[in-house]
Amino acid sequence: MYRSRPKGKMDSDVLAFLSSIRHDESILYYDILGSEAHTLMLYEIGILKQQELKRILLALETAKKKHGIIDAEGAEDIHEALEAFVIKEAGVDAGGKMHTARSRNDQVVLDIRMKVRDDINELCILIAELIDALVRKAEKTKNAIMPLYTHLQQGQLGTFSHVMLAYAEALFRDFERIYNAYERINQSPLGACAIAGTSIGIDRERTAALLGFDGLIRNSLDATTSRDSFIEYVSALAILASTLARMAEDLIIWSTQEFSFIELDDRYSSTSSAMPQKKNPDPLELTRSKAAIISGRLASILCIVKGLPSGYSRDLQDIKPQLFEASSTAVTTTKVMAGVISTLTIKKRKMLDTSEKSYAISLDIAEQLVTKNGVPFRRAHKIIGALVSLAAKKNVLLAALAPEEIASALDQIEQRDISPQEMHELLKSMTPEKSIQIRRSIGSPSLAEQDKMIQLARSRLIRCREKTQERMKSVKNSYVGLAKIVSQHI
Ligand code: ARG
């Protein structure tokens with residue numbers, strides 16, 4: 001349809017090579033809304049007559065009802081297909097005016113911005129749901145004591161709820177990153193035209209308002225060239241995916257027979273075609289790989305824009321599938337993780353058994369030496385290290401060391417800060433429960449701190465949901481308003 005200078009038809013292989021039609025389905029709806037707003041504005045500034053406006057709007061409403069089944073045969077993209085459809089329905093005298101003072105270059109970024117804006121809202125609600133599931137799980141597992149790991153070696157004791165709340169914190173940051181990207185996405189590029197605006201007296205602010213944008217991307221060259229806001233969004237998705245992958249990895253480890261700290265619900269497990277006993281955490285494994293895929297898509301987008309000159313280049317078209325796929329992958333992965341968390345069961349007894357058999361109480365004991373006996377921490381570290389070494393050699397718990405054994409171990413390292421008998425009492429007194437009770441620093445897994453973190457997360461969550469819903473309502477209201485004006489003209 002656009003071939004005014006080139007003669008004849010484009011080579012069919014070339015058309016197939018450069019067509020973006022197969023990735024454009026998800027922006028057709030936004031292309032229609034954008035076209036409606038643009039057409040209304042053209043009428044308001046006197047470019048279209050009432051009858052012409054009516055015919056174009058009727059055609060666009062017909063396209064909307066067809067739910068994407070408009071004939072795209074021979075079109076390079078959805079913008080061309082929709083314009084061809086409007087011209088066929090409304091006639092070229094009216095339909096041929098729709099593309100006045102507009103270009104596919106501002107049109108395509110308009111559509112992407114409208115889609116990503118919806119994707120961000122959807123994702124924000126889903127992240128909030130996942131955080132909700134984590135906080136609920138935390139409320140039920142405040143007393144489930146388990147070892148926490150550094151280098152995947154037992155470090156200190158903590159609780160399952162502490163872990164759930166740690167994930168929630170990371171996800172709040174993911175939420176904020178994605179939520180904040182919206183501010184830069186929700187700016188209208190429409191009216192930038194091909195690269196340098198138009199001599200026609202268009203009203204860019206009017207179309208921006210009709211489509212629910214918060215403002216304009218003023219500079220026409222910037223509006224048609226820049227893709228940084230999408231890169232920012234996909235970066236935030238890649239970071240979110242890495243949070244989800246970390247959660248997945250923890251849960252995979254804890255669901256092994258060796259750990260047996262948790263059990264995944266059957267609905268979130270698969271099995272083996274050969275080994276009948278198997279219950280595999282496949283959804284979590286795929287959650288890990290999705291982080292790689294989203295990062296890969298981010299890398300593709302960055303490489304596509306790298307080295308492009310200012311002004312639209314067709315390379316930019318290849319960003320669309322990367323962006324849309326990254327978005328939908330983040331949506332499904334977040335949904336799956338929320339399901340995994342809310343349905344998993346914890347094996348409290350096994351966690352406690354492991355904690356009871358663990359030397360992860362060592363730091364708590366050393367700190368008792370510091371606070372109760374005034375021992376410098378470095379010496380306390382030496383003392384407990386020597387006792388752990390002895391206990392590990394004998395394959396017994398610290399509490400099982402006899403005062404005589406303690407005496408000879410302390411003699412060997414020439415530490416006389418505490419009597420062997422007193423040391424023996426201290427080792428025996430440090431149960432997993434006590435280890436958690438005596439933790440008092442802000443953000444530690446003591447019961448009081450966990451209650452505080454749960455309470456904070458709850459109120460933060462309410463605000464996250466509210467502010468996303470406000471945005472969704474504002475987008476929806478603008479669409480309702482647009483539909484009302486359209487209906488007055490047809
Ligand atoms: N289909 C293109 C895209 O997705 C928009 C078309 C702009 N084409 C052009 N030759 N100026 O980016």
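Each ligand, and each atom within it, is numbered from 1 in the order the structure gives.
A donor-acceptor contact under 3.5 angstrom links the side chains of Thr243 and Asp174, judged on distance only.
By the 4.0 Å N-to-carboxylate-O rule, Glu232 lies too far from Arg177 to be salt-bridged with it. The pair Lys467-Glu470 does not meet the salt-bridge criterion, since no charged nitrogen lies less than 4.0 angstrom from a carboxylate oxygen.
Between Phe259 and Tyr149, the distance from one ring center to the other falls under 6.0 angstrom.
Here the rule is side-chain contact (heavy atoms from CB on, under 4.5 Å) with Tyr167, and of Leu130, Asp250, Leu244 only Asp250 fits it.
Residues forming a salt bridge (Lys or Arg N to Asp or Glu O under 4.0 Å) with Arg267 (at least two apart in sequence, or on another chain): Asp265.
Within 4.0 Å of ligand 1, the residues that place a heavy atom are Ser20, Asp77, Arg104, Asn105, Val108, Tyr312, Arg314, Gln317, Lys320, listed by chain and number.
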